[in-house]
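Before any comments, here is the structure.
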Amino acid sequence: MMDVRCAFADYPDVSLHYEVSGRGARSLVLIHELAGTRESFDRVVPMLAADFRNLRADQRGAGLSEKVRAPFCLDDMVADTHRLLQTAGLEPPVYVAGIASGAAIAAALALRYPGEVAALVLCAPSLGTNPDRRRYLLERSETARRAGMRAIVDMVFEKTYPQYDRGDPEVYAEHRARFLAIDPVCYAHANRMLADVVLEPSLGRIECPCLLLAGRHDQMRPPDQVERYAGLFRRAEVTLIDSGHIMVVQAPAAVARAMRTFFLKQ
């Protein structure tokens, strides 16, 4: 049986819900996507429990964490992650994995605390935004804020979880239901945060080894874009996963296998 501890960390500016599980000797932080919660990794974590002590949390505005009304930025998300590490008692260096916008938080964490991150796995990473993408994120956030998540769910899932790549219908239905349960105001804040991410010029300063996972069917972050990102790191490799954009949900076994193999050889 996997050891699991769930708790709330009430900081002066935000309350965050987190979970620590697993019995391994190495510490691993898992950072979910913009429209996700810690449950995005539900089918990944059990496959890592024997080798890692896993920390995953609901980001501010997501899941069971506080639904803030003040805008936030990437620096806030990095600060939240770092203090949760301390609260949960995970000693550095730690291994860090993130998906999509969570990969941006993971990379920024490695930039701010280089001596505390042993290695990174970045799944379908969102590390920068061109003008068209920025406009899309801002328009999407405004629609959600004004009309709710149901107003955008079909548009978003057409790219992130298309009909031909839905696999297990129960997994898809659960993921869609979690999306619809998102607080629209916090979702808008998160979109604006992502629209302002500009990490490409700094990626060459990341000292630890990095694995970038690309989804073979990913329309949001296609493999050629992930390959381009990899060229900006000092030490990076790319693995292709037979999945769409939300690979930790759509292909959890392949993602867990890639993470485990990469992290254990560092």
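Source: prediction; values computed, not measured.
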Residues which pass side-chain hydrogen bond (donor to acceptor under 3.5 Å, both in side chains) with T129, listed by chain and number, not counting sequence neighbours: none
Listed partners of R146 passing side-chain hydrogen bond (donor to acceptor under 3.5 Å, both in side chains), at least two apart: none
Given side chains that start at C-beta, do those of [X] and [Y] come closer than 4.5 Å, heavy atoms only?
X    : Y    : result
R221 : S126 : yes
I99  : I31  : no
R166 : H175 : no
R192 : E142 : yes
L127 : V197 : no
P209 : F233 : no
L122 : L211 : no
V94  : R26  : no

Spell out, yes or no, whether [X] and [Y] are grouped together once hydrophobic residues are joined by side-chain heavy atoms under 4.5 Å, including indirect joins.
X    : Y    : answer
F8   : L90  : no
L180 : V156 : yes
V198 : L34  : no
V4   : M47  : no
M149 : L138 : no

Can you list every pair that meets side-chain hydrogen bond (donor to acceptor under 3.5 Å, both in side chains) and has a residue in [range], with sequence neighbours left out?
range            : answer
residues 64-74   : R69-D183
residues 243-253 : D218-H245, S243-Q250
residues 193-203 : R134-D196

Check against side-chain contact (heavy atoms from CB on, under 4.5 Å), L74 and L199: CA-CA 10 Å; L74 183 61; L199 285 174; 4.3 Å; yes
Salt-bridge contact [X]-[Y] (side-chain N to carboxylate O under 4.0 Å):
X    : Y    : result
R260 : D51  : yes
E91  : R53  : no
D58  : R38  : yes
E170 : R176 : no

Going by salt bridge (charged side-chain N to carboxylate O under 4.0 Å, His left out), name the residues that satisfy it together with [X], two or more places apart in sequence or in a different chain.
X    : result
R150 : none
R112 : D75
E158 : none
D132 : R135

Pair V249-D42, side-chain contact (heavy atoms from CB on, under 4.5 Å): steps then yes or no: CA-CA 8 Å; V249 175; D42 273 356; over 6 Å; no
Salt bridge (Lys or Arg N to Asp or Glu O under 4.0 Å) between D13 and R83, worked out: CA-CA 12 Å; D13 58 330; R83 58 185 169 178; 2.9 Å; yes
Salt bridge (Lys or Arg N to Asp or Glu O under 4.0 Å) between R23 and D3, worked out: CA-CA 7 Å; R23 55 192 178 275; D3 298 329; over 6 Å; no
Pairwise ring-ring contact (aromatic ring centres under 6.0 Å, His included) hits with a residue in residues 87-138, at least two apart: H82-Y113, Y95-F263
Qualifying ring-ring contact (aromatic ring centres under 6.0 Å, His included) pairs with a residue from residues 179-220, counting only residues at least two apart or across chains: F72-H189, F157-F179, F179-Y187
Any side-chain donor near an acceptor of the partner, T87 and Y18, under 3.5 Å: no
side-chain contact (heavy atoms from CB on, under 4.5 Å) evaluation trace for E116 with L109: CA-CA 9 Å; E116 299 185 25; L109 184 74; over 6 Å; no
Step-by-step side-chain contact (heavy atoms from CB on, under 4.5 Å) determination, M259 to F52: CA-CA 11 Å; M259 284 185 187; F52 299 93; over 6 Å; no
Contacts of A151 that satisfy side chain to side chain contact (heavy atoms under 4.5 Å, CB included) - sequence neighbours left out: T143, A147
